[in-house]
Amino acid sequence: MDSDSMRKGIIPGIMSGYVFMAFMGPGMADMVGGMISGDGLIGFILHIIISAVIGALYTGVFVQYVKMNNPLLDIAVGGLIYGVIWWIVGGLIIMPAIAGGELLQISLTDPSLFGHIIYGHVLAFLVVLRNAAFGMDS
């Protein structure tokens, strides 16, 4: 994990965070902001910062373990796994811990599950697309 690899995930992470927020709707920003006694604007800013960090971790750490030498598999499998990991860590552990809810309340119909999977797929797609367009490696 080096800082150059991590920097490559910041912009794709932010872009994926916007897609996540669009999928989840405006209530998501209010919920994130409410965790730190802020409003929707604070929640939006916080979520974008978190998205940048998660994007950086994707290119700096995660992608090296899920390289399948096929861009479509990297997107489909890598994005799915990464999205589910962050649904569990962020949506089922961190968020309830901060907000005072119950941890690990798993529901396969939870919109947050689908939002995190979409985030993971969009992130993986943007990284693969960027790498192909600019001849980069993650």
- Test side-chain contact (heavy atoms from CB on, under 4.5 Å) applied to Met31 and Met24, step by step: CA-CA 11 Å; Met31 186 169 47; Met24 294 300 292; 5.6 Å; no
- Message: Applying side-chain contact (heavy atoms from CB on, under 4.5 Å) to Leu80 and His121, what does each step give before you reach the verdict?
- Response: CA-CA 6 Å; Leu80 173 68; His121 281 131; 3.8 Å; yes
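Separation of atoms CZ (Phe114) and CD1 (Ile118) is listed at 9.0 Å; rounding is to 0.5 Å. Going from atom CG of Asp30 over to atom CE of Met35 covers 12.5 Å, rounded to the nearest 0.5 Å. Rounding to the nearest 0.5 Å places CD1 of Ile85 at 11.0 Å from CD1 of Ile54. In this structure, CH2 in Trp86 is found 15.5 Å from CG in Leu113, a value given to the nearest 0.5 Å. Atoms CG and CG, on Asp74 and Asn131 in that order, are 9.5 Å from each other to the nearest 0.5 Å. Ile117 CD1 to Ile81 CD1: the interatomic distance, rounded to the nearest 0.5 Å, is 11.0 Å.
Using bins of under 30°, 30° to 60° and over 60° for the plane-to-plane angle, the ring pair Phe20/His47 lands in the parallel bin.
Of all heavy-atom pairs spanning Ser51 and Gly17, the tightest one is OG-CA, 3.2 Å. The heavy-atom pair separating Pro111 from Phe23 by the smallest distance is O-CE2, 3.5 Å. The minimum heavy-atom distance linking Pro96 with Gly91 is given by the pair CD-O, 3.4 Å. Gly40 and Ala29 get closest at one heavy-atom pair: O-CB, 3.3 Å. Closest approach of Met68 to Val77, counting heavy atoms only: CE-CG1, 3.2 Å.
Following chains of ILVMFWY side-chain contacts shorter than 4.5 Å, one can reach Val19 starting from Leu129, so the two form part of one hydrophobic cluster. Hydrophobic clustering (ILVMFWY, side-chain heavy atoms < 4.5 Å, transitive): Ile75 and Leu73 are in one cluster. Tyr65 and Ile88 fall into different hydrophobic clusters, where Ile, Leu, Val, Met, Phe, Trp and Tyr side chains are chained together by heavy-atom contacts under 4.5 Å. A chain of hydrophobic side-chain contacts below 4.5 Å, direct or via other Ile, Leu, Val, Met, Phe, Trp or Tyr residues, connects Ile14 to Val128. Met21 and Ile94 fall within the same hydrophobic cluster, defined by Ile, Leu, Val, Met, Phe, Trp and Tyr side-chain heavy atoms under 4.5 Å apart, directly or through other members.
The closest side-chain heavy-atom distance from Leu57 to Met6 is below 4.5 Å. Taking 4.5 Å as the limit, every side-chain heavy atom of Val122 sits out of range of all side-chain heavy atoms of Met15. Within the 4.5 Å cutoff, no side-chain heavy atoms of Tyr82 are placed close to those of Val66. Looking at Val84 and His116, their side chains never come closer than 4.5 Å, going by heavy atoms from C-beta outward. At least one side-chain heavy atom of Ile48 sits less than 4.5 Å from a side-chain heavy atom of Phe44. The closest side-chain heavy-atom distance from Asp39 to Ile42 is below 4.5 Å.
Using modelled atom types, no side-chain atom of Arg130 and backbone atom of Ile11 make a donor-acceptor pair closer than 3.5 Å. Judged by distance alone, with hydrogens and angles left aside, the side-chain atoms of Ser5 form no donor-acceptor pair with the main-chain N or O of Gly60 at under 3.5 Å. Between the side chain of Ser16 and the backbone N or O of Leu123, at least one donor-acceptor pair lies under 3.5 Å. Checking side-chain atoms of Tyr58 against main-chain N and O of Gly13 turns up no donor-acceptor pair under 3.5 Å.
Heavy atoms of other residues, nucleotides or ligands lying less than 6.0 angstrom from CD of Glu102 number 12 at most.
Tyr119 and Tyr18 have their aromatic ring centers separated by at least 6.0 angstrom.
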